[in-house]
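Within every chain, numbering begins at 1; the chains are lettered A, B, ... in the order of the sequence lines, protein sequences first and strands thereafter. Values below: all heavy atoms of this structure, side chains included; hydrogens, waters and symmetry mates excluded.
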Amino acid sequence: MRREVPLLITFITGVVFALSYFIPGGWLGQTERVFGDWITIVQAFAVWLGVLNLLKISLIKIQRKEHDWGYSVVIAVCLVGTIAAGMYSGFAPQFESFRDPETPFNFIFRNIFAPLGATMFAILAFYVASASYRAFRARNREATILLIASFFVMGGRVPLLDSIFMPIIDGTFFADFAGWIMSYPVTAGQRAIAIGIALGIMASSLRVILGIERSHIGGGN
Amino acid sequence: MNVRRPLCLLFAVFAIVGLSRAQDGDGADTASAEIIAEAAPVISPLPVPSVTASDVPNDDGSAILVEWELSPSDSVGGAVVGYRIYRAFADSGVFVVIGNRSARQNSTVNGEEVEPGVDYLYRVDVLAVRTNADGSSDTLAIPSQSSVPVAAVVQWFNTDRLWALIWFVIIAAATIYFIEKAKRGGNIYVRKIGGIDAVDDAIGRATEMGRKVFFVPGIQDMNDVQTIAGIAILGRVGAVAAEYETRLEVPTSRSMVMVTARETLKESYSKAGRPDSFQEDQVYYLTDEQFAYAAAVDGRIVRERPATIFYMGAFFAESLILSETGNAAGAIQIAGTAEPTQLPFFVAACDYTLLGEELFAASAYLSREPRQLGSLKGQDFGKGIFLLAILLGVILATANLIDLSQYFRIN
Amino acid sequence: MAGHWIAVAINVVVGLTLVWVLVRTIQGRPIERRIVFVYIALAVATPLFMKLEAPLAETPEVQSIVTTIKELPPGSRILISFDYDPQSAPELQPMAEAFIKFAFKQRHKVIIMGLWPLGPDQANQAIRAALEDPSVAELAPEYGVDYVNLGFQSGNEFVIQGMGSAFKNMFPQDERGTIYDNIPILRGVTNFSNVDYVQVFSSGKPGTREWVQVAADRFGATVGGGTTAVQAPEMYPFLRSNQLIGLMGGMTGAAEFEKAVEELGKANTFLLSQMFAHATVIVFVIFGNIAYFRSRRRDASTDAPTPGGIS
Amino acid sequence: MSLDIGVWIGALLTLGIFSFLYRDNPFYKLCESIFVGVSAGYWFCVFFFDNMVRKFYFGVFPSEAGIEPKYFLIVGAVLGALMLTRLIPSIGWISRWPLSFIVGATAGLYMMLFFVSNGLNQVADTMLPLYRETAGGDFDPAETLGTILVFIGTFTGLIYFFFSKEHKGLFGGAARVGIFFLMVTFGAAFGYTVMSRMSLLIGRMDFLFRDWLGLLG
């Protein structure tokens, strides 16, 4: 029971959803949207598991006074505090929605969540630089090609190479060249990857549907 | 008639010119504008000669295609500014506006509030600017005859997708054939893939160094095929880690992935004969937020200094945030993703990268199980068909003989 | 101006220290990544204080937006859709600010909306920035009369579709809760046939593509785009087919727009930062290679793995 | 300098995250913990109000008359509820059912969508005549070269992905060419993204210098 039922469920849903691609009518014609709706609802349930787990781990750390337990206090307080602020903002009658600009939830979003996210994203600028310094070295033919392509696109996308070579080559030669690289060789590479992915997804989905690959239900053979 | 059309046109042009100059409102121009307006007689554009409506094929009966002949007055620079499309229920006959199209356009799809099996009538009005004798102007709408009643129909098979079915069945059948063949025995050759061959060594390294192995299953939920592939790889990695008694940690950014990863690892550990070594807390949820997850995993990487880090699944901007940190922390890193935008970053920062298709093949490789390897052969068969098709298609297209792409392009 | 000279001075000094980095690299002692970080931070930060003009070529796609707006008679109605969130603001906000300033100076009426929840908020920031400009402040554009913010509406391209029959259906009231019919600027505005130009600032979906497909193709609106650099290439087919009358792509596009309307602002400064940052990355890539070739000469083992271990 | 408390909080958190670039430190750990806690709570609320209340509850029980209830959403709630059996260890195995459903549906649905959009349509897009002409009917060298490159790159790139054939001889040579194209792709895509990443950093710097410190006009 514990093993066969999940396998059967996977098989049936897999086949039905695959067939639905060819059927325009009824709910089968809209499986993508319907499934999307279901998933969002399941996520709303499942997030309890995650959040309770996060809280549990933090509380255990605090209780055992493990190394750096103080930060677990911060996590727990911020988690509970944000949820409380969100619930208050969502249910208090003076707000239309929990996202209203005046709600405490929105205050947290604007002044804590957003700057943290933006900064974490911005850190990438530094990493992009250090990764190029280290990795883009002409160690062999492949690496050299990688290096050259990135050099021309990096220099062409902003008016950098064009302005350096302004006295020799007029106009937007490097910008155009960067564009040319993006529209032809890059298209080719991406297309090969895309077609490979299509076949990879097809074969691994078949393995899942046929029950050959069953790790998601905790199953070997 | 022959003379009238160019004449109409000419007047219309005059009217427009006069109108636009009058709008400039410049004192000097008003006089001439008045003269032109006076010279232009009041003219009415001609209506749309005919309107046809038909069911949009291969859909769920929720759209009707409306086409019309352009009004004879609709020509470049003419007075016609556009068309207004009306619809009525055939039994009531009350027309309601459903949309506008600009001049020179002759069709629209009515895709909203269409019930299958209900008869509708359509009418298309020509909208045109009329210049009056006093120089003022207004917009005229000249209605057409209504179309014959039409109803949208629900189709049960999308014939546009027939070729998708044919190609799919061919490749899927081949895949199943190879799986069956492999099951009956028979040697299956698979070539070396650096990233996959390195898995055992990478885990072994962690064992020697007495450090942890991190497995990051991407930031998408279980409704992404890449996550499923990543979890399958986790199953194999978990078995090796259990065997080597190396501590494996899986931070997740999705609750459902946490649940699935736990199931998978539990099974791997018991299969490796070490069910007791598995602890649920090896797999933990951090947060659904992409960058907070990245910040937390980064922190763990610098603090725990894992010897080996796997990134298998769907990654976005956090790919380089994580792998640069891992690189600086001296970890061996093996990444795999089918997000084409992130591959360059993994390639730059990781020791091994599984590119797109290789991510999906990895679990089959690692399992070394005949049926799994057989499915890889099916993948190759598909590639063979596509290669052949591309070659033939390009040759035939260059020779201008047949357009093969029509059998591959699906809407 | 003092800021400018200090920034220039810092850059000269930093430029000189690169010689030290080069020497160290040649000696086979590559610098650690934290020093790379410092250079990037300086390369991005210092140009913000500089008063230099980024060298730019004129492109038809940006110029055509400028010409279109200039040719509209004063008092024309311009609809602007803000389809992005703060994450793309560095690229799109300067563009939006320059555009709104320009529209006000041309005495056009501006109607704002958003298909992204945080879009109208970005719009308010852009309006605020525009009003701070003395020459705009002089004209004293009035809310409700010269501009209005209709706020966010969910439904992606279906909102545009709905606006095709009546704006009012999609936006019964503006962001401040005023009923549509009571807003002076909207009197006589039924649908796209009553606006003279539509400008979209977008960073994804829904965005410029959807506006082209629905507002331009279906309802015949004149649509111009402003997108992030990453998105811009996808829009070129629409430009070629004239479904999109013009396009500002990323900071380069925004800076060119600023230049064309003679209104050097953030985009120009940001573009300078970007050029400095790119130059820094390129310099470090070159240094990295010098280091590599030096070390290879010392140590002849050249059996290096392919990037990403691909074989 | 700003007098807005929100700007100050934002600026301090920004500095805290940036401090990680130097090394791990208590300030970063604090910001990281705040971020994890706040964002987990944030998503919890978003899931609750957007997905649970608005999508599910008001989907099944519409607040206005005349809107048809979407009963199919109940399936999602049932799956979700089964997921929660995880909380009770003795019946936790039931959670495999909804998981199997989701995995099966994902496999079936995306198998077809990717097969067509990433596979068949891409193959069709490659089938172009190698000899290209301009709109005026003249030979177009740039476009011709481009089309030939796309053809060769796609073809050899796919050969690289073959698993069941050793990369030797002519086949191996083609695979090597394929790798070259992949390298161009990666290099170019990397260089291409640098621009947008830099602009994010510019945005943060602008926030610090303009909004917080008020040093920029």
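- Between D/Phe181 atom CZ and A/Ile145 atom CD1 the span is 9.5 Å, to the nearest 0.5 Å.
- The two residues A/Leu146 and D/Met183 come nearest to each other via the heavy atoms CD1-O, 3.3 Å.
- Test D/Phe44, D/Phe49, D/Tyr42 against A/Phe105 for ring pair (Phe, Tyr, Trp, His ring centres under 6.0 Å) and you get one pass: D/Tyr42.
- Atom CD1 of D/Ile34 and atom OG1 of A/Thr82 lie 10.0 Å apart (nearest 0.5 Å).
- Interatomic distance, A/Met202 CE to D/Asn118 CG, rounded to the nearest 0.5 Å: 13.5 Å.
- Proximity to chain D (any heavy atom under 4.5 Å) is restricted, for A/Phe35, to the side chain, taken from C-beta onward.
- Side chain of A/Trp38 to backbone of D/Phe72: a donor-acceptor contact under 3.5 angstrom is found.
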Criterion side chain to side chain contact (heavy atoms under 4.5 Å, CB included) on A/Ile41 and D/Leu73, from CA distance to verdict: CA-CA 8 Å; A/Ile41 294 168; D/Leu73 293 175; 3.8 Å; yes
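- In plain terms, the two heavy atoms of A/Ile201 and D/Tyr110 that are nearest each other are CG2-O, 4.0 Å.
- Here the closest non-hydrogen pair linking A/Phe107 and D/Gly6 is CZ-CA, 4.5 Å.
- Atoms CD1 and OG1, on A/Ile195 and D/Thr154 in that order, are 6.0 Å from each other to the nearest 0.5 Å.
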Intermediate values then yes/no, side chain to side chain contact (heavy atoms under 4.5 Å, CB included), D/Phe101 and A/Phe17: CA-CA 11 Å; D/Phe101 183 91; A/Phe17 275 78; 4.3 Å; yes
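- Taking the six-membered ring for Trp and the full ring otherwise, D/Phe48 and A/Phe98 have centroids separated by 6.0 Å or more.
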Checking D/Phe190 against A/Phe136 for the ring pair (Phe, Tyr, Trp, His ring centres under 6.0 Å) test, could you report, in this order, the C-alpha distance in whole Å, the side-chain angles of both residues, the deciding distance, and whether it holds? CA-CA 11 Å; D/Phe190 193 109; A/Phe136 287 2; 4.7 Å; yes
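- Going from atom CG of D/Leu201 over to atom CD1 of A/Ile123 covers 9.5 Å, rounded to the nearest 0.5 Å.
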